[in-house]
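Worksheet: one structure, shown below.
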Amino acid sequence: MVAITAPSSIEHIPLVRCPKGANAGPQAVIPCIDLSAPGAAAAVADACRTLGFFKATNHGVPAGLADALESSAMAFFALPHQEKLDMSGPARPLGYGSKSIGSNGDVGWLEYLLLSAGAASSGGAALPAALRAAVEAYTGAVRGVGCRVMELMAEGLGLGASEEGRCVLRRMVVGCEGSDEMLRVNHYPPCLLPPGRDRDECGVTGFGEHTDPQIISVLRSNCTAGLQILLRGDYSSPARWVPVPPDPDSFFVNVGDSLQVLTNGRFRSVKHRVLAPEGEESRLSVIYFGGPAASQRIAPLEQVMREGEQSLYREFTWGEYKKAAYKTRLGDNRLGPYELQHAAANDEAATKK
């Protein structure tokens, strides 16, 4: 068992209620999409509209790449705390972090590496050679998954008639000078609840609830559970948290805040969280974040807007949004300050078409 050595107490890690009494099983609500299937674009678009989240299979990434990264990452996290800090530097924001998530008071039962996805740099140059090589190989492969997914998203939005339309999202992230791709490796050691706590009702926060600010996120984990997504409620049912069964052979895709804006709310970013493992096994997850260049304009794409439709968001650049995101808490509504009051007008325009 690997322990987080600094700080050692969980007294300041928040407890959350677990959705163990959920009425619907998770397999019934989380779409599983074969990326090579003929109807993949429509299925991706439907998942992005309803949940902002789906499982991707037939992705083409060799299992050996993920296995190599998992093995080398676990070896790194097994090192003494100071050695990990010496190798990567503290997370500011790139580097090695333990318990603290960002600089605004969020904490969780985890340790992590946050790296520039272009290479194992920005604090990663001194990482063990095996880990650097595994990060680079894995990043190249998962970037390809992200490209395929973004093209399917564009096709699902009706932009697949031309090469320019099909690639409009992908080209914001891959092949764009200065694009902001990152790789995050999260390690959640087993965690026991403090005495007197009811494990049937509560769990220890591994990573608090949040949405991802980028365009997309592509996640892969080992066999240990913990990830949950928030199902949005409506007039007939309240919002509720649903566990996501781990599947090391597949990837899980999140819609990010930026993609929500680019689609004018058609695709919705998904709120998610991680609970610390309760058994004897650690959870290890690796997330690829596809972000654009700092100067990239984030506003609804002209190609997706209907006649008479107004933007739900004021325009901003990725650099502005990322800077603002680093000043917030995890659970804050980061898009709130950018929202405009045009939803009712858009609904009226849609009914007249």
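This chain uses plain numbering: 1 for the first residue, then up along the sequence.
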Would you indicate whether the side-chain heavy atoms of [Y] and [X] approach each other to under 4.5 Å?
X      : Y      : answer
Val261 : Tyr338 : no
Thr317 : Ile298 : no
Arg268 : Val255 : no
Leu110 : Lys99  : no
Lys271 : His210 : no
Leu259 : Met153 : yes
Leu284 : Asn186 : no
Trp318 : Ser295 : no

From [X] atom [atom1] to [Y] atom [atom2], the distance as rounded to the nearest 0.5 Å:
X      : Y      : atom1 : atom2 : answer
Tyr96  : Ser88  : OH    : OG    : 8.0 Å
Leu219 : Ser250 : CG    : OG    : 11.5 Å
Asn333 : Thr211 : CG    : OG1   : 7.5 Å
Gln260 : Leu312 : CD    : CG    : 8.5 Å
Leu94  : Leu183 : CG    : CG    : 11.0 Å
Arg170 : Cys147 : CZ    : SG    : 5.5 Å

Is [X] salt-bridged to [Y], cutoff N-O under 4.0 Å?
X      : Y      : value
Glu111 : Lys84  : yes
Arg314 : Glu339 : no
Glu163 : Arg166 : yes
Arg143 : Glu181 : yes

For Arg220 and Glu70: C-alpha separation, side-chain torsions, deciding distance, then whether salt bridge (charged side-chain N to carboxylate O under 4.0 Å, His left out) applies. CA-CA 10 Å; Arg220 185 262 181 192; Glu70 181 176 329; 2.8 Å; yes
Tell me whether [X] contacts the main-chain N or O of [Y] through its side chain, where contact means a donor paired with an acceptor under 3.5 Å.
X      : Y      : value
Gln296 : Ala293 : no
Asp332 : Arg329 : yes
Asn254 : Gly256 : no
Thr205 : Pro14  : yes
Ser72  : Leu69  : yes
Arg148 : Leu35  : yes
Asn104 : Thr328 : yes
Arg184 : Leu113 : no
Arg132 : Leu127 : yes
Trp109 : Val204 : no

Should we count [atom1] of [X] as having more than 12 external heavy atoms under 6.0 Å?
X      : atom1 : value
Glu155 : CD    : yes
Arg92  : CZ    : no
Gln303 : CD    : yes

Taking atom types as modelled, is there a side-chain donor on [X] or [Y] under 3.5 Å from an acceptor on the other?
X      : Y      : value
Ser217 : Asp212 : yes
Asn264 : Glu309 : yes
Ser258 : Gln214 : no
His187 : Ser282 : yes

Given the rule in the side-chain contact (heavy atoms from CB on, under 4.5 Å) test, do Val218 and Ile287 qualify, once you have shown the distances and angles that lead to the verdict? CA-CA 6 Å; Val218 183; Ile287 310 99; over 6 Å; no
So, for [X] and [Y], is the gap between ring centers shorter than 6.0 Å?
X      : Y      : answer
Phe53  : Phe252 : yes
Phe251 : Tyr288 : no
Phe207 : His272 : no

Nearest heavy-atom approach of Met87 to Ala126 is O-CB, 3.1 Å
Could you walk me through whether Phe316 and Tyr321 satisfy the ring-ring contact (aromatic ring centres under 6.0 Å, His included) test, starting with their C-alpha distance in whole Å, then the side-chain angles of each, then the deciding distance to 0.1 Å, before giving a yes or no? CA-CA 7 Å; Phe316 53 88; Tyr321 193 61; 5.0 Å; yes
Considering the options Val168, Val304, Ile215, Leu157, which one meets the side chain to side chain contact (heavy atoms under 4.5 Å, CB included) requirement together with Leu262? Ile215
Report the residue from Leu159, Leu301, Ile216, Val149 that forms a side chain to side chain contact (heavy atoms under 4.5 Å, CB included) with Leu169. Leu301
